[in-house]
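Scroll down for the structure; my scribbles are underneath it.
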2 protein chains.
Amino acid sequence: MAMVAGRLGVTPMALYRHVANKADLLDGVVELLLTEFPSPPEGLSWSDRLKVLADNIRASGRRHPSVFPLLLRRPATTPEARKTRNAVYRALSDAGVPQDRIAQVERLVSTAVLGFAVSEAGGRFRHHSRGQIDADFTALQTLLRRFIDAEAEERVT
Amino acid sequence: MAMVAGRLGVTPMALYRHVANKADLLDGVVELLLTEFPSPPEGLSWSDRLKVLADNIRASGRRHPSVFPLLLRRPATTPEARKTRNAVYRALSDAGVPQDRIAQVERLVSTAVLGFAVSEAGGRFRHHSRGQIDADFTALQTLLRRFIDAEAEERVT
DNA sequence: ACCTGAACACCGTTCAAGT
DNA sequence: ACCTGAACACCGTTCAAGT
């Protein structure tokens with residue numbers, strides 16, 4: 001609170017006119033964070049859209065390691081969070097995942113990507129080279145890609 | 001610090017004889033946390049060992065939601081953390097995953113399980129029923145199971 | 001060897017008071 | 001409508017002093 005107020009050239013107490021408390025302010029920061037990865041370009045294939053989305057989320061975590069872990073503490077309830085989730089829904093739908101499976105598949109995929117990004121941002125991979133971490137993330141993406149393909153297959157069967 | 005000292009019937013300052021600072025104390029708490037999920041019984045199949053391990057980790061997160069997220073902030077460097085990781089290594093080896101792939105597969109699997117457990121402990125799934133969360137975790141486990149099988153397949157090919 | 005009192009620098013938050 | 005001073009209850013941490 002003190003640092004934010006300082007940046008604004010104001011005392012900490014002035015902030016309470018605009019936010020209820022520190023948690024409320026952090027909610028706003030998380031919302032801003034989500035603004036960083038907009039819906040991916042519509043022209044791309046579903047798998048490319050998912051890839052850029054995942055890459056953007058990860059990059060966002062690298063940029064804001066102290067706030068980013070908060071994403072694991074809140075459901076995607078705000079409008080900005082829903083926008084991102086809906087982009088994933090559309091991609092999964094285009095991939096051929098049956099409608100009644102989409103919600104769960106999204107949860108699993110998002111949790112895996114977020115878990116990786118938070119781990120990296122939090123420093124759990126600090127003993128690994130950047131190249132190794134990149135390779136891990138690529139492997140995670142192909143693993144999830146295969147999972148989505150398998151979910152889509154079952155509809156045809 | 002104050003609460004820990006209180007439980008011990010001592011002033012906060014007394015703790016600094018035994019730990020360097022708060023971060024050091026938390027390291028000890030995390031280490032204790034890892035003691036909760038011991039290496040799974042040797043007699044089980046590799047997949048069953050992995051399953052009980054994952055279930056135990058998740059249960060531990062549910063029990064200690066405030067400390068558990070710290071696991072995403074530290075590499076498995078302490079002896080107790082290594083013990084758990086080695087159990088996963090052995091299971092993956094028994095599954096037939098080639099030696100040079102085991103480390104990465106372990107990282108991916110652990111990150112996914114941990115990401116889920118931290119999400120649940122942090123309250124990201126608070127709008128979902130317990131049954132739904134359980135189903136999600138089961139789906140995650142079979143997804144990872146398939147991934148490991150695929151990694152093992154490639155050796156034979 | 002182990003603990004404490006006093007002190008320091010720092011938090012988030014309230015509320016009456018200012019403009 | 002917006003900001004501040006003063007105050008409160010709380011942190012983690014140090015260090016000289018106690019036993």
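First the proteins, then the strands, lettered A, B, ... as listed; each starts at 1. Note that these values count all heavy atoms, side chains included, but never hydrogens, waters or copies made by symmetry.
With respect to A/Glu36, the salt bridge (charged side-chain N to carboxylate O under 4.0 Å, His left out) criterion is satisfied by exactly one of A/Arg62, A/Arg63, A/Arg58: A/Arg63. For the side chain to side chain contact (heavy atoms under 4.5 Å, CB included) with B/Pro40, the lone residue among B/Leu53, B/Leu50, B/Asp48 that qualifies is B/Leu53.
Scanning for side chain to side chain contact (heavy atoms under 4.5 Å, CB included) contacts around B/Asn56 gives B/Phe37, with sequence neighbours left out.
A continuous path of Ile, Leu, Val, Met, Phe, Trp and Tyr side chains, each step under 4.5 Å between heavy atoms, connects A/Val29 with A/Phe68, placing both in one hydrophobic cluster.
Side chains of B/His128 and B/Asp136 form no contact here, defined as non-hydrogen atoms less than 4.5 Å apart.
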(request) Give DNA chain C the dot-bracket treatment, 5' to 3': Watson-Crick (N1-N3 with N6-O4 or O6-N4) or G-U (N1-O2, O6-N3) under 3.5 Å, [ ] crossing, | other strand. (result) ||.|||||...|||||.||
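Within the model, atoms OG1 of A/Thr11 and OH of A/Tyr16 stand 10.5 Å from one another, a figure rounded to the nearest 0.5 Å. Note that CD of A/Glu80 and CG of A/Leu33 are 10.5 Å apart. Values are rounded to the nearest 0.5 Å.
A/Leu15 places its CG atom 13 Å from the P atom of D/dC2, with the value rounded to the nearest Å.
Residue B/His18 has a polar side-chain atom (N or O) positioned under 4.0 Å from OP1 or OP2 of C/dC3.
Counting heavy atoms of neighbouring residues, nucleotides and ligands inside a 6.0 Å radius, atom CZ of B/Arg73 does not exceed 12 of them.
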(message) At under 4.0 Å between heavy atoms, how does the protein contact nucleotides 5-19 of chain C? Give one character per nucleotide, 5' to 3', with B, S or -.
(response) BB-----SBB-----
